[in-house]
Amino acid sequence: MYRTHTCGELNIADVGSKVNLAGWVQKSRDLGGMTFVDLRDRYGITQLAFNEEWSKEELQKARKLGREFVIQVEGEVIERASKNPKMPTGEIELKVISLTVLNESVTPPFTIEDESDGGEELRMKYRYLDIRRNPVREKLLLRNRVNLEVRNYLSERGFADVETPFLIKSTPEGARDFVVPSRMNQGEFYALPQSPQTFKQLLMVGGMDRYFQIVKCFRDEDLRADRQPEFTQIDCEMAFVEQEDILNTFEGMVLHLLKKVKGVELESIPRMTYDQAMATYGSDKPDIRFGMEFNELNSLAQNKGFVVFDKAELVVGIVAKGCATHSRKQLDALTHFVKTPQVGANGLVYVKYNADGSIKSSVDKFYDADALQEWGDAAGAEPGDLMLVLAGDADKTRKAMNDLRLHMAEGLGLRNPEEYAPLWVLDFPLLEWDEETERYHAMHHPFTSPKPEDLHLIDSDPGAIRANAYDIVLNGNEIGGGSIRIHDEDLQKRMFDLLGFSEEEAQKQFGFLMDAFTYGAPPHGGIAFGFDRLVALLGGDEVIRDYIAFPKNNSGRDVMIDAPATVSQDQLDDLSMRLNLKE
Ligand code: ASP
């Protein structure tokens with residue numbers, strides 16, 4: 001028997017027991033007549049003791065052990081002379097009677113410690129060694145726990161896990177498809193699913209009623225820092241439901257996870273419309289762990305002779321509590337921040353509401369203390385607070401102010417990763433105007449149902465139609481989104497038409513779905529959660545890469561297996577394909 005126990009479970013109560021352990025050599029200390037070895041497995045570390053008085057032979061073997069050797073030992077649990085209260089096994093050690101080397105190891109390219117000396121790229125290349133490190137292993141185990149809790153919650157409510165295919169054709173989630181050539185159908189290609197969207201809707205037509213799947217999705221996007229080309233969704237769909245049913249069901253799931261995984265008990269999840277979110281936070285995924293809401297100052301600040309404000313579509317301010325003491329240097333740094341190309345503002349106006357009641361601003365030339373006090377009153381500024389004001393085109397200014405708000409909060413330590421503030425954002429617009437292609441795009445996807453009360457705008461002002469679409473946001477990150485679907489063939493056709501699909505195109509791409517709708521499709525709707533991000537947030541992080549066992553880097557490469565890679569001429573010949581690489 002390789003082992004009778006794991007390396008994490010023996011304690012003072014086991015003293016006197018004869019046990020076998022197996023694992024990796026974390027480190028060893030050679031003291032001449034004695035050697036101590038830390039033996040590690042997934043569950044912990046146990047100290048092994050070798051002593052020439054017990055066995056010269058085993059001691060000699062132990063002195064030759066290198067880092068990461070795989071060994072098996074037989075021995076007796078004894079009480080340690082110098083105990084380590086920080087380790088669960090710290091009161092005991094194993095008096096080794098017999099040592100077997102199961103496998104040697106070359107010296108690993110980085111230290112297998114909580115704080116490794118290995119850089120990111122190196123750790124990714126040897127990811128299997130990285131996974132031996134506690135922090136990485138803990139993240140994967142957290143992922144497993146969240147996965148199980150999701151399954152428990154949904155199974156108890158009658159959701160059935162149904163697998164859907166990976167070799168399909170395009171699903172319109174707004175990204176580029178990964179395509180797979182078909183050998184059996186030469187010249188034709190599968191697309192990997194950007195999501196199981198159409199299949200889960202077909203499962204509703206099929207009467208499955210409540211579906212879920214924790215499933216891989218594939219989107220060929222240029223990778224921003226925190227995206228992966230293949231990622232995991234908790235994908236769900238329900239029949240005979242309205243928006244309210246979905247919100248309640250999945251609010252329950254998020255609260256369940258927070259409670260079970262983090263011990264955080266919340267009563268409910270607040271709701272806000274998309275319009276409110278944009279006006280109050282300049283973002284459709286606001287971080288509501290802190291205030292600093294937007295205050296529109298147009299009526300107070302315009303027509304007082306300050307041209308910058310006068311010609312602006314929007315003048316908006318936020319109040320940073322207790323920041324009136326900001327130095328010139330700090331304010332300059334903020335001005336510099338808002339003027340960076342990513343933020344894109346032209347300048348920053350500040351008003352200090354000093355603790356002594358005096359007011360000092362960068363626009364004193366145009367506004368007297370009374371006028372500035374009016375702004376402060378409107379925005380809820382108190383003595384000691386600092387107001388920051390941006391002005392310009394409404395959309396751009398909101399975006400810039402959102403960046404500034406998050407930047408300020410970061411600096412003030414208001415974004416505590418151990419605090420959880422989920423939020424529903426409702427009533428998203430159905431369509432989004434794309435300047436480049438000069439047409440409407442579905443803001444969510446083309447199967448999303450318009451709000452019936454807005455349908456009359458379909459010809460006159462389609463951009464103003466709101467959808468039965470919702471997002472769930474956690475600490476300023478979108479963790480999920482979904483919608484009530486169109487289940488009527490005619491409406492679906494009109495939608496495709498609005499999105500600029502010709503009838504033939506719509507038929508070619510989605511004829512199967514519209515056909516299905518002619519056979520009695522029930523009203524249905526659903527949601528999908530970004531599982532990687534959700535787990536990362538529950539781990540107190542925003543970076544998803546560490547929560548994926550074998551992630552890709554920013555150029556979409558797996559540097560461990562070195563993929564993607566070229567294929568042989570035979571493989572290309574089988575597919576009747578020839579490469580035509582651009583220089
Ligand atoms: N398929 C959608 C997505 O991946 C989610 C949904 O509408 O259920 O974003």
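Whatever order the structure lists them in is the order used to number ligands and atoms, beginning at 1.
- Arg398 and Asn402 share no donor-acceptor pair across their side chains, judged by distance under 3.5 Å alone.
- Residue pairs meeting the side chain to side chain donor-acceptor pair (under 3.5 Å) criterion with at least one partner in residues 177-193, sequence neighbours excluded, are Ser170-Asp177, Asp177-Gln194, Ser182-Asn185, Gln186-Ser576.
- Aromatic ring orientation, Phe428 versus Tyr274: tilted (interplanar angle from 30° to 60°).
- Gln201 and Gln197 are linked by a side-chain donor-acceptor pair at a separation below 3.5 angstrom, with hydrogens and angles left out of the test.
- Salt bridge absent: Asp114 and Arg133 never bring a charged side-chain N and a carboxylate O closer than 4.0 Å.
- Cation-pi geometry between Arg545 and Tyr547 is not met at under 6.0 angstrom from the ring centre and within 45 degrees of the axis.
- Protein residues lining ligand 1, listed by chain and number: Glu173, Ser195, Gln197, Lys200, Arg219, Gln233, His444, His445, Gly481, Gly482, Arg485, Gly526, Ile527, Ala528 [non-hydrogen atoms, distance under 4.0 Å].
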